[in-house]
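Shown next, in C-alpha cells, is the structure this report addresses.
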Amino acid sequence: MNDTKPLLELHDVTKVYGGSPNPPEVLRGINLRLMPGESVAVVGPSGCGKSTLLNLVGALDRPTSGSITFEDQDLLGLDARELARFRNTSVGFIFQFHHLLPQCTALENVLIPALVNGSANDKRDRAQELLERVGLSERLHYRPGQLSGGERQRTAVVRALINQPNLLLADEPTGSLNEAAAQELVDLLLQLGRDENMTLLVVTHAMDVAGQMGRVLELHGGVLNPQEATS
Ligand code: ADP
C-alpha cells in the first residue's frame, strides 16, 4: 500500500476574472492531485487558462471558489506574510522569459530569492554547485547579456531551485528556446526533479515537451482531462 501524502491538491477550483459585464469562467472545476517527486504537464491552446491555473497553484492569485491544499495546509487560509513565505521557500517559478536582472551576474541573480529570506550567505555554495551542475561553471560572473538564451534559462532554473522548493512551476519554459536548448532544458528539469525529489508542474503547448513528463493533462473548456477524483 502506498501511503505517500499528496504534495498539492486542488478541489473544485474555479476562476472568473472580474471587470467585464459578463466575465467568462476561465476555470470551471479543477481537481488535481500532485504527488511528491512526480512530473506533470498541463497542455492546451493559448488562452485556455494554463497560466491562470499555475498562478493559483503558486499562490500568485486566488481562485473564485474551491480549495487548494499544500502539504495538508489550506493555502487560501494563509495571511499575506505566510503566503510570501510559501512563495519564497516552497515553490520555484520558471517563466517563458528568464526575468534575470541585467545588472547582476548569474551567481548574484541566483542568490536573489535567498537574499529575500536572509539565507544568501548560507546558499552561496549551493548556488555555485547548481550553476556548475547546469554547465555554467565558467559563467558564474557573467551578466545575462553575456549569456546565450539557453544559459539564461538555465540560470533562471537554478534561481528557482536555490531555496530547495518542493514544487517547481514552469510556464512555457522552453517557449523562447531553439529545439536543442529546449531539449537540454527538459532533460535538466527532469534530472533536477529526480535528484531533489521535487514535483514538477509544467504548462506548455509544446506536445514534445509535455510527452516527456510523467503525466499529461489537457485543459479544455475550463476542466482538466483526464479528470481526477480528489476529496
Ligand atoms: P493560457 O496561459 O492558456 O494562454 P491564460 O490563463 O493566460 O491562458 O488566460 C485564460 C483566459 O483568461 C484568457 O481569456 C485571458 O484573456 C483571461 N485572463 C487572463 N488573465 C486575466 C486577467 N488578469 N484579467 C482578465 N482576464 C484574464
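Given the structure is predicted, the values throughout are model-derived calculations rather than measurements. Counting starts at 1 for both ligands and their atoms, in listed order. What you see below is based on every heavy atom in this structure, not just the backbone, and it leaves out hydrogens, waters and symmetry mates.
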Please check atom 22 (C) of ligand 1 for a protein heavy-atom neighbour under 4.0 Å. yes

Going by the ring-ring contact (aromatic ring centres under 6.0 Å, His included) test, which pairs reach into residues 56-82, not counting sequence neighbours? Phe70-Phe86

Would you find more than 12 non-hydrogen atoms of other residues, nucleotides or ligands less than 6.0 Å from Arg126 atom CZ? yes

Where is the nearest protein heavy atom to atom 6 (O) of ligand 1: which residue, which atom, and how far? Thr52 OG1, 2.6 Å

Apply salt bridge (charged side-chain N to carboxylate O under 4.0 Å, His left out) to residues Asp171 and Lys50 and explain how you reach the verdict. CA-CA 8 Å; Asp171 194 350; Lys50 301 185 298 299; over 6 Å; no

Per-atom filter on ligand 1: closer than 4.0 angstrom to a heavy atom of Ser46 are 4 (O)

Cationic N near anionic O, under 4.0 Å, Arg139 to Glu151: yes

What protein heavy atom lies closest to atom 13 (C) of ligand 1? Include the residue and the distance to one decimal. Gly47 O, 3.8 Å

Closest heavy-atom pair and its distance - Val110, Thr155: CG2-O, 3.7 Å

NZ/NE/NH1/NH2 to OD/OE distance under 4.0 Å, Lys15 and Glu25: no

All heavy atoms of Pro113 vs all of Asn163, minimum pair found to be O-ND2, 3.1 Å

Identify the protein heavy atom lying closest to atom 7 (O) of ligand 1, giving its residue, its atom name and the separation to 0.1 Å. Ser51 CB, 3.7 Å

Residues forming a side chain to side chain donor-acceptor pair (under 3.5 Å) with Thr52, sequence neighbours excluded: Tyr17

Which ligand 1 atoms are under 4.0 Å away from a heavy-atom of Pro45? 3 (O)

Heavy atom under 4.0 Å from ligand 1: found in Pro23's side chain, backbone, both, or neither? neither

Looking at atom 16 (O) of ligand 1, would you say a protein heavy atom lies below 4.0 Å from it? no

What protein heavy atom sits nearest atom 18 (N) of ligand 1, and how far away is it? Tyr17 CE1, 3.3 Å

Val26 contact mode with ligand 1 (heavy-atom cut-off under 4.0 Å): side chain

Is the shortest N/O to N/O distance between Gly49 and ligand 1 below 3.5 Å? yes

